[in-house]
Amino acid sequence: GENVEQHPSTLSVQEGDSAVIKCTYSDSASNYFPWYKQELGKRPQLIIDIRSNVGEKKDQRIAVTLNKTAKHFSLHITETQPEDSAVYFCAAGYSTLTFGKGTMLLVSP
Amino acid sequence: DVKVTQSSRYLVKRTGEKVFLECVQDMDHENMFWYRQDPGLGLRLIYFSYDVKMKEKGDIPEGYSVSREKKERFSLILESASTNQTSMYLCASNPGSTNEKLFFGSGTQLSVL
């Protein structure tokens with residue numbers, strides 16, 4: 001089955017800095033790569049996703065890049081704000097999703 | 001907006017009890033999923049269902065079963081609860097295509113004593 005590795009497990013940045021979270025996956029059949037944000041005590045919410053026919057996707061301060069050859073994808077957050085503080089999960093799959101273990105992002109004012 | 005409702009936010013059960021976790025979605029979604037979330041382990045898929053009365057094992061089905069008698073309702077059953085099943089359980093749903101946004105419930109924190 002699919003195996004998703006996510007790094008780093010924790011990430012601390014200053015407000016205004018950029019943050020990058022990286023994931024690798026093992027199954028070349030995977031064609032869907034979403035990112036979920038989970039604030040403390042809340043349910044996970046989709047923030048951005050990318051499909052295998054696209055190399056990059058951007059939505060305001062958030063972007064995701066995908067390298068299918070190397071089997072890795074990354075989340076980029078620019079101009080971070082304290083409200084970006086949360087746990088972020090990457091996932092990969094083609095029928096069901098396999099999630100990474102999560103990255104706790106802390107943005108300090 | 002899609003609503004996925006889990007019947008209990010917190011649940012405390014004893015070892016050996018039979019436990020039912022209920023999930024209801026109101027958007028006529030075909031697919032429903034049960035995940036468990038543990039610190040440092042992310043979300044792991046227990047069972048999923050693509051249709052009424054249909055179920056498929058996920059990555060960690062041992063010790064669990066599910067029931068989907070109606071399209072909107074997906075139940076997770078712990079036949080004989082054990083302490084290692086103490087966890088946060090998240091239900092999710094999405095429309096017919098499997099590669100779609102997952103809508104999560106707010107979760108049930110289950111403690112097995």
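Quick note on labels: first sequence line is chain A, next is B, and so on, each numbered from 1.
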Mark yes when over 12 heavy atoms from residues, nucleotides or ligands other than [X] sit less than 6.0 Å from its [atom1]; otherwise mark no.
{"X": "A:Q60", "atom1": "CD", "answer": "no"}
{"X": "A:K37", "atom1": "NZ", "answer": "yes"}
{"X": "A:E79", "atom1": "CD", "answer": "no"}
{"X": "A:L40", "atom1": "CG", "answer": "no"}

Task: Counterpart residues, salt bridge (charged side-chain N to carboxylate O under 4.0 Å, His left out), relative to B:E30 (two or more places apart) - done: B:K71
Inter-residue atom distance [X].[atom1] - [Y].[atom2], 0.5 Å rounding:
{"X": "A:T96", "Y": "B:K57", "atom1": "OG1", "atom2": "NZ", "answer": "15.0 Å"}
{"X": "A:I47", "Y": "B:K101", "atom1": "CD1", "atom2": "NZ", "answer": "11.5 Å"}
{"X": "B:L102", "Y": "A:L46", "atom1": "CG", "atom2": "CG", "answer": "8.5 Å"}
{"X": "A:R43", "Y": "B:Q6", "atom1": "CZ", "atom2": "CD", "answer": "8.0 Å"}

Open item on the list: Could you go through A:K42 and B:F104, starting from their C-alpha distance and side-chain angles, then the distance that decides it, and tell me whether this counts as side-chain contact (heavy atoms from CB on, under 4.5 Å)?
Closed with: CA-CA 10 Å; A:K42 302 282 183 64; B:F104 283 93; over 6 Å; no
Open item on the list: Report, in residue-number order, which members of residues 11-21 of chain B are under 4.5 Å from chain A by heavy-atom distance.
Closed with: none
TODO: Tell me the residues of residues 40-48 of chain B whose non-hydrogen atoms fall below 4.5 Å from those of chain A, in number order.
DONE: B:G40, B:L41, B:G42, B:L43, B:L45, B:F48
Does [X] share a hydrophobic cluster with [Y], counting links as ILVMFWY side-chain heavy atoms below 4.5 Å and allowing steps through other members?
{"X": "A:F89", "Y": "A:L105", "value": "no"}
{"X": "A:V107", "Y": "A:L75", "value": "yes"}
{"X": "A:M104", "Y": "A:V13", "value": "no"}
{"X": "A:I50", "Y": "A:V20", "value": "no"}
{"X": "A:Y32", "Y": "A:L66", "value": "no"}

- [ ] Flag the pair A:Q45 / B:F103 as yes when at least one side-chain heavy-atom distance between them is below 4.5 Å, and no otherwise.
- [x] no
- [ ] Please flag which part of A:Q38 lies under 4.5 Å from any non-hydrogen atom of chain B: side chain, backbone, both or neither.
- [x] side chain
Task: Portion of A:P34 that has a non-hydrogen atom of chain B nearer than 4.5 angstrom - done: neither
Task: B:E56 versus chain A, the contacting section by heavy-atom distance below 4.5 Å - done: neither
Task: By ring pair (Phe, Tyr, Trp, His ring centres under 6.0 Å) - contacts of A:F99 (at least two apart) - done: A:Y36, B:Y35
